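Notes to accompany the following structure.
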Amino acid sequence: MTYCVTNARPLHPSSSLVARLKLDDELPNCWNSLIRLQSCTGEIILFFLNGKTYLGHGCCQSMHTVSQQSWPNMIDTLGFTTEEGDILEGYCDHETADDDHHHTQSPPS
């Protein structure tokens, strides 16, 4: 009979459950954004099914927070393919850039 003994690798303090779930005080918007993203799921589905080409600012803001600042793979785990996630992020990035452009333009004289 052969026995195999192995040691578990030590966890780094930054790997705590609190840090992985983003429950620390540094990123309190992660969970709120995930809840807001859930509330705009219908909007996202219509975006793909009916070719509706508008997602609200709040939906895009939540998507950005979740995918860029909190959990990069979360969009995939919500049932969207990587391609769909990329399309959504691209749309929202474009919309955010347009909003920034409109807000920074000086009024016509």
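In this chain, residues are counted from 1 in sequence order. Treat the numbers as computed from the prediction; the structure is a model and nothing was measured.
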(request) Please examine the side chains of Cys60 and Tyr91, heavy atoms only from C-beta on, and report whether any two atoms are closer than 4.5 Å. (result) yes
(message) List the residues meeting ring-ring contact (aromatic ring centres under 6.0 Å, His included) with Phe80, not counting sequence neighbours, and say none if there are none.
(response) none
(message) Which residues pass the side-chain contact (heavy atoms from CB on, under 4.5 Å) test with Thr81, not counting sequence neighbours?
(response) Glu83, Glu84
(request) Supply the members, apart from Leu49, of the Ile/Leu/Val/Met/Phe/Trp/Tyr cluster built from side-chain contacts under 4.5 Å; use none for a lone residue. (result) Ile45
(request) Could you list the residues that satisfy side-chain hydrogen bond (donor to acceptor under 3.5 Å, both in side chains) with Gln68, not counting sequence neighbours? (result) Glu89
(message) If hydrophobic clusters are built from ILVMFWY residues whose side chains come within less than 4.5 Å, do Ile35 and Met74 share one?
(response) no
(message) To the closest 0.5 Å, what do you measure between CE (Met63) and CG (Leu78)?
(response) 8.5 Å
(message) Could you check whether any side-chain N or O of Ser70 sits under 3.5 Å from a backbone N or O of Thr65, counting only pairs where one atom can act as donor and the other as acceptor?
(response) yes
(message) Give me the atom names and distance for the closest heavy-atom approach of Ser33 to Ser62.
(response) O-CB, 3.4 Å
(request) State, to 0.1 Å, how close Cys30 and Val66 come at their nearest heavy-atom pair, and which atoms those are. (result) O-CG2, 4.3 Å
(message) Going by the rule side-chain contact (heavy atoms from CB on, under 4.5 Å), which residues pair with Cys40 if we only count those two or more places apart in sequence or in a different chain?
(response) Leu37, Glu43, Ile44, Cys59
(request) Could you list who else is in Leu46's hydrophobic cluster, with ILVMFWY side chains joined at under 4.5 Å, directly or through other members? (result) none
(request) Please list, chain by chain and in numerical order, all residues satisfying ring-ring contact (aromatic ring centres under 6.0 Å, His included) with Phe48, sequence neighbours excluded. (result) none
